[in-house]
Amino acid sequence: MKVCLFNTMSRKIEEFKPISRDVVGMYGCGPTVYNYAHIGNLRTYIFEDILKRMLTHAGYKVRHVMNITDVGHLTGDGDDGEDKLEKSARESGKSVWDIAKFYTDAFFRDYDSLNIIRPDVICPATQHIPQMIALIKRLEEGGHTYVAGGNVYFSIDTFPDYGKLARLKLDELQSGARIDVDSNKRNPKDFVLWFTKSKFGEQAMMWDSPWGRGYPGWHIECSAMSMHYLGEQFDIHCGGIDAIPVHHTNEIAQSEAATGKKWVNYWMHGEFLLTEKGKMSKSSGEFLTLQVLRDRGFDPLDYRYFCLGAHYRTQLQFSFEGLTGARNARLNLAERVSSLGEFKPVELSPAAKAYTDDFDGFVCDDLSMSRALSVLWGLLKDGSIPDSEKLSAVRYMDEVLGLELDKVKSVADSGSGLSAELSDLLEKRAKAKAEKDWATADMIRNKIDALGFFVKDTPDGPVVVKK
């Protein structure tokens, strides 16, 4: 299959040509584990999962690497503020190690519930300090660093292409930058590779280094670990769009300064999830977690479906009304799939194959997932396609969609009937709705959801579908 991707570096859609036909190297910036991931963060990981699934679907073997930032990320991206884990630990009364483990575990619970395929390599920063020190030494030997105030800085003046990803103009950066953040910097956009206690005093997480006891800067970890697992040149680097102007810009500078060659061929970025107050962020203190959606009666896959409705490069406006629409659409989809009978592999007719070909064309065209979903709906509504072929085509498409459609089974069609507990809950919910006691009805829906069932209201009464 021909795959075309939007490359942030060129600002164009390009045909994907991997370095090696055998394995596609893909790196994605992972979470900073000092708090729960919000659903805006999770939108980025859903986009990356769709990308990986599409590449696999297109016949590539993908080696996916993701870091865990469990040290070194300050509350400000410009080397100011304090370490986010230290701040969280102080506020909670727990150790930084406990904070990192707690939120790493929480992140992967969300990750799994969204049916995101885990990376092939998950690399915590704290377990790769030697690789970071080695890369900093390499930069030092190449004349790209200086020491000031005890800390090691990267000098952007030694890298003429600095800012090429974000298309920053160095003369404007120099004249317009704030110079009072760190007086040790020769250029305001220089960034720290290694912090010592001279800046923050004794930290809970510190290591010996040639420049003194301390810890790495945020940017160096991604360069060191990606090159450790994928080599000095690899195919795709992913992340959120907010990483472009600072984090990814600095990653490119230090990586290419160290190796003297192009580092990544394709840069891909997911856009923001917006609320009425703007983009969702932890710094504002106002953000939604996946657990909040669960508490409101939504399944995590409802949110996955919601995200599939917009292109990854477009801003997506979140609302509970929109999420409700996504849930209803997914339940309708589940109901249609469950009505097709038991799956048995069959050869697709030309008419059915035309649908899967259209689906492939859209997903391989820079992940045009809303159009791919419309193909799926068209297939299911086409009365000329036998149910057995529809099921085979649905399974084929769900390799990319990741909606677990092959696991959905109608209770009514399963022959098992409704359990006494489930029947009782449905009866109580119907009574609550008749009395317009919506709070009780929603609470009962949540209980039904916890038992592993969807409930969808129709003119003929509720339809119950097993997840």
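Any value given below was found using the heavy atoms of this structure, including those in side chains, with hydrogens, waters and symmetry copies removed.
Take Ala134 and apply the side-chain contact (heavy atoms from CB on, under 4.5 Å) test, not counting sequence neighbours, and it matches no residue. Judged as a side-chain contact (heavy atoms from CB on, under 4.5 Å), and not counting sequence neighbours, the contacts of Lys137 are Ile133, Pro210, Trp211. Considering only residues two or more places apart in sequence or on other chains, Arg109 meets the side-chain hydrogen bond (donor to acceptor under 3.5 Å, both in side chains) condition with none of them. With sequence neighbours left out, Thr289 forms a side-chain contact (heavy atoms from CB on, under 4.5 Å) with Tyr36, Phe287, Gln291, Val292. Considering only residues two or more places apart in sequence or on other chains, His311 meets the ring pair (Phe, Tyr, Trp, His ring centres under 6.0 Å) condition with none of them. Scanning for side-chain hydrogen bond (donor to acceptor under 3.5 Å, both in side chains) contacts around Ser349 gives Glu389, with sequence neighbours left out. Arg296 is linked by a side-chain contact (heavy atoms from CB on, under 4.5 Å) to Phe298, Phe320, counting only residues two or more places apart in sequence or in another chain. Applying the ring pair (Phe, Tyr, Trp, His ring centres under 6.0 Å) rule to Phe359 yields no partners; only residues at least two apart in sequence or on another chain are considered.
Put simply, CG on Asp49 and SG on Cys307 are 11.5 Å apart, with the number rounded to the nearest 0.5 Å. The CG atom of Leu316 sits 4.0 Å away from the CZ atom of Phe306 when rounded to the nearest 0.5 Å. Of the inter-residue distances, the one linking Glu335 atom CD with Leu340 atom CG reads 11.0 Å to the nearest 0.5 angstrom. Expressed to the nearest 0.5 Å, how far CD1 of Ile99 lies from OG1 of Thr104 amounts to 10.5 Å.
Within the structure, ring pair (Phe, Tyr, Trp, His ring centres under 6.0 Å) contacts touching residues 254-280 (residues at least two apart or in different chains) are Phe16-Tyr266, Phe234-Trp263, His237-Trp263, His237-Trp267, His248-Trp267, His248-His269, Trp263-Trp267. Applying the salt bridge (charged side-chain N to carboxylate O under 4.0 Å, His left out) test to residues at least two apart or on different chains, the pairs with a partner in residues 354-367 are Arg313-Asp366, Lys353-Asp357. Under the salt bridge (charged side-chain N to carboxylate O under 4.0 Å, His left out) criterion, the residue pairs touching residues 138-152 are Arg138-Glu232, with sequence neighbours excluded. Among residue pairs with one or both ends in residues 116-135, those qualifying as ring pair (Phe, Tyr, Trp, His ring centres under 6.0 Å) are His128-Tyr229; sequence neighbours excluded.
Checking side-chain atoms of Asn250 against main-chain N and O of His219 turns up no donor-acceptor pair under 3.5 Å.
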Item to check | Criterion side chain to side chain donor-acceptor pair (under 3.5 Å) on Asp182 and Tyr153, from CA distance to verdict | outcome: CA-CA 11 Å; Asp182 188 339; Tyr153 293 84; 2.7 Å; yes
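Residues Tyr45 and Phe107 bring their aromatic ring centres within 6.0 Å.
Proximity of Ile156 to Phe191: side-chain heavy atoms (C-beta onward) are separated by under 4.5 Å at one or more points.
Checked for salt-bridge contact, Glu404 and Arg304 miss the test: no charged N lies under 4.0 Å from a carboxylate O. A salt bridge does not link Lys61 with Asp120: every distance from a Lys NZ or Arg NE/NH1/NH2 to an Asp or Glu carboxylate oxygen is 4.0 Å or more.
Side-chain contact annotation: Asp382 with Tyr355, donor-acceptor N/O pair under 3.5 Å present. Between Asn67 and Tyr27, the side chains place a donor N or O and an acceptor N or O closer than 3.5 Å (distance only, hydrogens not considered).
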